[in-house]
A.B. asks: 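Before I ask anything, here is the structure I am working with.
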Amino acid sequence: MDQERGDLFVANDSGDSILVFRTTDGGDMAPTRVLRGPKTGLRNPTGLFVDSKNDELWVSNMGNHSATVYLRTANGDVPPLRTIRSAPAGKLAMAIGNPGAAGYDTKRDEILVPN
């Protein structure tokens with residue numbers, strides 16, 4: 001959740017997308033933004049982290065063994081600012097298994113994506 005902007009992010013694993021709702025929404029509401037498409041690099045996203053300090057959204061992807069980073073306000077079919085993986089795109093990623101979450105360690109000031 002992005003408390004500063006009132007956004008609730010949902011990792012849509014089966015839809016290869018990130019859905020963004022307003023925290024004030026209720027009932028059967030359409031998302032205000034959708035991050036989805038071939039340029040995004042999303043593949044079965046399962047974990048999200050909002051980095052308000054750097055204005056970024058981090059996503060862990062089970063389907064392509066990667067972590068992708070976007071502007072916090074990203075919308076549509078936009079490429080990530082950067083992608084973390086242990087092999088070139090299209091190659092087997094032996095060192096990153098299936099990242100299932102993303103988090104922030106305040107003591108070490110590090111973003112963590114467990115394997």
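Quantities reported herein were computed from a predicted structural model and do not represent experimental measurements. Counting from 1, the numbers follow the sequence of the chain as shown.
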A.B. asks: Under the 3.5 angstrom rule, does the side chain of D109 hit a backbone N or O of T106 as a donor-acceptor pair?
C.D. replies: no
A.B. asks: Measure the shortest side-chain to side-chain distance between P38 and D77 over non-hydrogen atoms and say whether it is less than 4.5 angstrom.
C.D. replies: yes
A.B. asks: Less than 4.0 angstrom from a charged side-chain N to a carboxylate O is my criterion; do R108 and D105 meet it?
C.D. replies: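 Yes, charged N to carboxylate O under 4.0 Å.
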A.B. asks: What pairs with Q3 under side-chain contact (heavy atoms from CB on, under 4.5 Å), at least two apart in sequence or on another chain?
C.D. replies: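 Listed in chain order: M1.
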A.B. asks: Taking all atoms of both residues into account, what is the closest heavy-atom pair of G47 and A11, and its distance?
C.D. replies: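 Smallest heavy-atom distance, with atoms named: N-CB, 4.4 Å.
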A.B. asks: In Å and rounded to the nearest 0.5 Å, what is the OG1 to CG distance from T73 to N75?
C.D. replies: 8.5 Å
A.B. asks: Can you list the steps and then say if I84 with H65 is a side chain to side chain contact (heavy atoms under 4.5 Å, CB included)?
C.D. replies: CA-CA 9 Å; I84 299 172; H65 313 283; over 6 Å; no
A.B. asks: Hydrophobic cluster mates of L48, side-chain heavy atoms under 4.5 angstrom, ILVMFWY only, any path?
C.D. replies: F9, I18, V20, L35, L42, V50, L57, V59, Y70, V78
A.B. asks: If you round to the nearest 0.5 Å, how far is CZ of R85 from OG1 of T83?
C.D. replies: 5.0 Å
A.B. asks: Verify whether one side chain among N61 and T68 offers a donor that lies under 3.5 Å from an acceptor in the other.
C.D. replies: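 Their side chains do contain a donor-acceptor pair, which is all the 3.5 Å distance test asks for.
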A.B. asks: Which distance, rounded to the nearest 0.5 Å, do you find between the CG of N54 and the CG of L71?
C.D. replies: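 The CG atom of L71 is 11.0 Å from CG of N54, to the nearest 0.5 Å.
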A.B. asks: Would you say the side chain of R72 lies within less than 4.5 Å of the side chain of R5, judging by non-hydrogen atoms?
C.D. replies: yes
A.B. asks: Give the minimum heavy-atom separation between M29 and F21, together with the two atoms involved.
C.D. replies: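 Taking every non-hydrogen atom into account, O-CE2, 3.4 Å.
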A.B. asks: Look at R33 together with D7 and state whether they make a salt bridge at an N to O cut-off of under 4.0 Å.
C.D. replies: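 Salt bridge between R33 and D7, a charged N being under 4.0 Å from a carboxylate O: yes.
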A.B. asks: Rounded at 0.5 Å granularity, tell me how far OG in S17 sits from CZ in R36.
C.D. replies: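 Interatomic distance, S17 OG to R36 CZ, rounded to 0.5 Å: 5.0 Å.
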A.B. asks: With F49, which residues qualify under ring pair (Phe, Tyr, Trp, His ring centres under 6.0 Å), at least two apart?
C.D. replies: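 For F49 the ring pair (Phe, Tyr, Trp, His ring centres under 6.0 Å) partners, ignoring immediate neighbours, are Y104.
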A.B. asks: Ignoring hydrogens and geometry, is there a side-chain-to-backbone donor-acceptor pair from D13 to T46 under 3.5 Å?
C.D. replies: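 Side chain of D13 to backbone of T46: no pair is present.
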A.B. asks: So, taking the atom named CG in L19 and the one named OG1 in T32, what distance separates them when rounded to the nearest 0.5 Å?
C.D. replies: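 That separation rounds to 9.5 Å.
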